[in-house]
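Down below is the structure, laid out as structure tokens.
Basis for what follows: all heavy atoms, side chains included, without hydrogens, waters or symmetry-related copies. Letters A, B, ... are given to chains in the order of the sequence lines, protein chains preceding strands, and every chain is numbered from 1. Just so you know, these numbers come straight off a predicted model, no measurement behind them.
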Number of protein chains: 2
Amino acid sequence: MSAQLIGRLNHVGVATPSIDDAVAMYRDLFGATVSKAKFALPEQGVWVCFIDLPNSQIELIEPYGDASPVWSFLKKNPSGGQHHICFEVDDIVAARDAMRDRGATVLGTGEPRMGAHGVPVIFVHPKNTGGVLVELMAKPEAH
Amino acid sequence: MSAQLIGRLNHVGVATPSIDDAVAMYRDLFGATVSKAKFALPEQGVWVCFIDLPNSQIELIEPYGDASPVWSFLKKNPSGGQHHICFEVDDIVAARDAMRDRGATVLGTGEPRMGAHGVPVIFVHPKNTGGVLVELMAKPEAH
């Protein structure tokens with residue numbers, strides 16, 4: 001049995017061909033709101049916008065640039081769909097090391113990169129996590 | 001602009017070929033715990049088990065019976081993957097009617113059915129929700 005490594009479900013990542021259309025859908029169909037306009041995260045190859053829920057968020061991601069990793073997802077799922085889930089961790093480097101020690105593959109170089117919340121993140125390969133792409137992010141300061 | 005219809009992100013539904021294996025993975029890799037053993041929901045065609053997080057849950061679902069709707073998902077995603085997201089609503093019948101009034105398709109007969117938390121639920125067709133299967137559930141009593 002491992003010590004509890006993951007904390008809050010920070011967000012569910014949802015890929016979309018159009019953040020503008022998705023925001024309009026969440027507003028018109030569900031009455032859900034956005035606290036901040038969409039913004040680009042060039043190093044991750046995505047446009048990002050968060051739908052706010054009382055306990056969590058939906059992270060809408062749209063491809064940014066030709067090399068965006070979201071294009072391959074949208075090729076398989078042209079209307080968009082659930083792309084990843086993100087859990088908070090206390091220490092991102094310790095979490096990265098734990099993933100490797102426990103036999104999981106961390107994507108890319110494994111060096112934590114700045115995520116959409118301004119804190120470092122890593123991604124764990126879905127082959128190790130039941131087909132689900134898992135993002136681990138350092139716990140943001142403000143909660 | 002619609003009134004806020006959806007509340008908390010109650011859970012993320014994750015399909016798996018084996019709840020036992022998935023529970024072991026969440027325990028061994030992430031140190032996450034389960035508060036209740038898996039149980040069958042024959043009317044939905046699934047075995048269910050919840051991974052507890054501080055603010056939400058992962059709902060693991062495994063096919064129950066030959067007619068389970070989860071088989072077609074697993075055929076496309078043999079290792080499993082994200083299957084749906086579930087939002088809480090104050091009034092499930094009003095939410096169902098609102099979905100229809102706003103042009104969305106409610107799956108099945110549209111009559112709310114008993115879900116895994118013992119409260120009635122409906123599902124909205126992913127064609128209306130950016131490729132994401134959305135479950136709406138009546139807010140459980142205890143929070």
Side-chain angles (χ1 to χ4, degrees), chain A residues 1-18 21-22 25-33 51-58 60 74 76-85 87-89 95 98-99 102-104 124 126-134 136 143, chain B residues 1-19 21-22 25-33 51 53-58 60 74 76-85 87-89 95 98-99 102-104 124 126-134 136 143:
Chain A
M1 175 77 80
S2 312
Q4 176 96 15
L5 188 138
I6 54 172
R8 293 176 71 257
L9 176 67
N10 184 275
H11 63 261
V12 180
V14 169
T16 172
S18 165
D21 289 352
M25 182 280 287
Y26 275 94
R27 180 192 63 212
D28 296 340
L29 191 58
F30 295 131
T33 53
I51 303 289
D52 294 326
L53 302 165
N55 62 326
S56 193
Q57 291 181 307
I58 303 295
L60 298 170
L74 289 178
K76 279 183 253 172
N77 309 274
S79 310
Q82 287 171 258
H83 181 270
H84 66 272
I85 51 181
F87 301 115
E88 296 176 6
V89 298
M99 290 301 102
R102 296 169 190 179
V124 183
K127 72 182 176 185
N128 301 121
T129 50
V132 175
L133 177 60
V134 172
L136 300 180
H143 259 332
Chain B
M1 177 76 82
S2 312
Q4 177 96 15
L5 189 139
I6 53 172
R8 293 176 72 258
L9 176 67
N10 184 274
H11 63 262
V12 180
V14 169
T16 172
S18 165
I19 282 181
D21 289 350
M25 182 280 288
Y26 275 94
R27 181 192 63 213
D28 297 339
L29 192 57
F30 295 131
T33 53
I51 304 287
L53 302 166
N55 62 327
S56 191
Q57 291 180 307
I58 303 294
L60 298 170
L74 289 178
K76 277 181 256 173
N77 309 275
S79 311
Q82 291 193 69
H83 182 269
H84 67 273
I85 50 180
F87 301 115
E88 297 177 5
V89 298
M99 290 300 103
R102 296 170 190 179
V124 182
K127 71 182 175 186
N128 302 121
T129 51
V132 174
L133 178 60
V134 173
L136 299 180
H143 261 330

Okay, side chain of A:Q57, backbone of A:N10: is any donor-acceptor separation there less than 3.5 Å?
-> no
Is it true that a side-chain atom of A:R8 and a backbone atom of B:P54 form a donor plus acceptor pair closer than 3.5 Å?
-> no
Name the option with the most non-hydrogen atom pairs under 4.5 Å to chain A; the candidates are B:N128, B:V132, B:N77.
-> B:V132
Given A:L136, A:I85, A:V14, A:D21, the one with more heavy-atom pairs under 4.5 angstrom with chain B than any other is A:I85
Sidechain-backbone polar pair: B:S79 side chain, A:G130 backbone, donor-acceptor under 3.5 Å | no
So which part of A:V89 gets closer than 4.5 Å to some heavy atom of chain B, the side chain, the backbone, both or neither?
-> neither
Is the backbone N or O of B:L60 less than 3.5 Å from a side-chain atom of B:T16, with the two atoms forming a donor-acceptor pair by type?
-> no
Check each atom of A:N55 against the heavy atoms of chain B and say whether the ones under 4.5 Å are side chain, backbone, both or neither.
-> both
Let me know if A:I58 has heavy atoms under 4.5 Å from chain B in its side chain, its backbone, both or neither.
-> side chain
Chain B heavy atoms under 4.5 Å from A:T129: which part of the residue, side chain, backbone, both or neither?
-> both
dist B:I6:CD1 -> A:T33:OG1 (nearest 0.5 Å) comes out at 9.0 Å
With a 4.5 Å cut-off on heavy-atom pairs, point out which of A:A15, A:P17, A:G81 contacts chain B the most.
-> A:G81
Are B:F30 and A:V134 close enough that some pair of their side-chain heavy atoms sits under 4.5 Å apart?
-> yes
